[in-house]
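These numbers were taken from a predicted model, which means no experiment stands behind them. Counting starts at 1 for both ligands and their atoms, following the listed order.
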Amino acid sequence: KNFAGAEVVPRHEITFSDIGGQGAAIQELREALDFIRNYQEIKRLGIRPLKGILLTGPPGTGKTLMARAAAGYTDAAFVSCSGSEFIEMYAGVGAQRVRRLFQTAREMAAKQNKSNALIFIDEIDILGGKRGQTTSHHEYDQTLNQLLVEMDGMKVNDKVRVLVVAATNRVDMLDPALLRPGRFDRQVKVDLPDRQGRLEILKLHTANKPLAEDVSLEELARETFGFSGAHLESLANEAAILAMREDCQAIFHRHFHEAVDKVMMGDRLDRRPAV
Ligand code: ATP
């Protein structure tokens, strides 16, 4: 960690093939990223460079994974942070952090000899909520303004070209200024996986685990309607833990079954209203 709270990932370990059940979203994201890869062509034709992509959808569906894969795909230095890190009690601190974030991204790219940098901002709604709605949130406004200033200042001829990928599950909360052309003008929906998607994700997360012969991932995919990728990852992990508790050499179907209940319970507890 070098920027206050921002995680600087050294190498992009994540690729699109690590993401299950998001074929359409990945396709759309790839098309947008191809713009960046064809930078010379963009410049020649005078096309406005793509500066921001907004990933929308419920928690745990793989938005962070997509951003990491996007950095790998565009050979970009990757810097990630969350909208909540910009909220401070003192005026100007959030805005200063935004400036530092962009600076860090450019420095990282230069250090890694890359001409692209990708900044991932999770939970952008926290810093990019509609401005001027409550007087006590003046600080948020300054932070959001600074983000707009940074994005507007990005030019096609910059030594390091920056792409901002942001994630939210409350796109309706965002200040419309963020969605204007030249800012986050590309939106990619990352929804909960369907049955086939859940199967793909289960396969990914059990690939490194010994499965007993009675395990049917197809059946589990059918039974986990409404589960996100994060739920399914947790399901595979819980099943393995249950198998270990019983000293089993492999994970049996009953372990997965029990884990389904556990994950569903855990989720219900997570959703207790915040105080
Ligand atoms: P949040 O909005 O809560 O930050 P997110 O959409 O960014 O969630 P991730 O952080 O990408 O979700 O996912 C959390 C974890 O869940 C991942 O590290 C991965 O293990 C698993 N996961 C989520 N979605 C997928 C997917 N589509 N394929 C494979 N694994 C997934």
To check your reading of the model: name the closest protein heavy atom to [atom], its residue, and the distance in Å.
{"atom": "atom 7 (O) of ligand 1", "result": "T64 OG1, 2.6 Å"}
{"atom": "atom 22 (N) of ligand 1", "result": "G229 C, 3.5 Å"}
{"atom": "atom 2 (O) of ligand 1", "result": "K63 NZ, 3.3 Å"}
{"atom": "atom 12 (O) of ligand 1", "result": "G62 N, 3.2 Å"}
{"atom": "atom 18 (O) of ligand 1", "result": "L65 CD2, 4.1 Å"}

For [X], is at least one N or O under 3.5 Å away from an N or O on ligand 1?
{"X": "H205", "result": "yes"}
{"X": "P59", "result": "no"}
{"X": "I19", "result": "no"}
{"X": "G60", "result": "yes"}

[X] heavy atoms, cut-off 4.0 Å: which ligand 1 atoms fall inside?
{"X": "D122", "result": "4 (O)"}
{"X": "A230", "result": "16 (O), 21 (C), 22 (N), 23 (C)"}
{"X": "G20", "result": "26 (C), 27 (N), 28 (N), 29 (C)"}

Do [X] and [Y] come close enough that some side-chain heavy atom pair is under 4.5 Å?
{"X": "L163", "Y": "L33", "answer": "yes"}
{"X": "H231", "Y": "S228", "answer": "yes"}
{"X": "F35", "Y": "E41", "answer": "no"}
{"X": "V188", "Y": "T56", "answer": "no"}

Proximity flag M66 to ligand 1, non-hydrogen atoms under 4.0 Å: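 Judged by the 4.0 Å heavy-atom criterion, M66 does not count as contacting ligand 1.
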Ligand 1 contact by D18, heavy-atom criterion under 4.0 angstrom: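 It does; at least one heavy atom falls under 4.0 Å.
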Whether the [X] and [Y] side chains hold a donor-acceptor pair (N or O, under 3.5 Å, no angle test) is what I'd like checked.
{"X": "T74", "Y": "N116", "answer": "no"}
{"X": "H255", "Y": "E238", "answer": "no"}
{"X": "E150", "Y": "Q146", "answer": "yes"}

Shortest reach to atom 24 (N) of ligand 1 by a heavy atom, considering only N169, L204, N237, T61: T61
Within 6.0 angstrom of Y39 OH, more than 12 heavy atoms from elsewhere: yes
Ring-face cation contact, F120 with R68, 6.0 Å cut, 45° max: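 So R68 doesn't make the cation-pi contact.
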Face-on cation placement of R30 at Y73 ring, 6.0 Å and 45° thresholds: yes
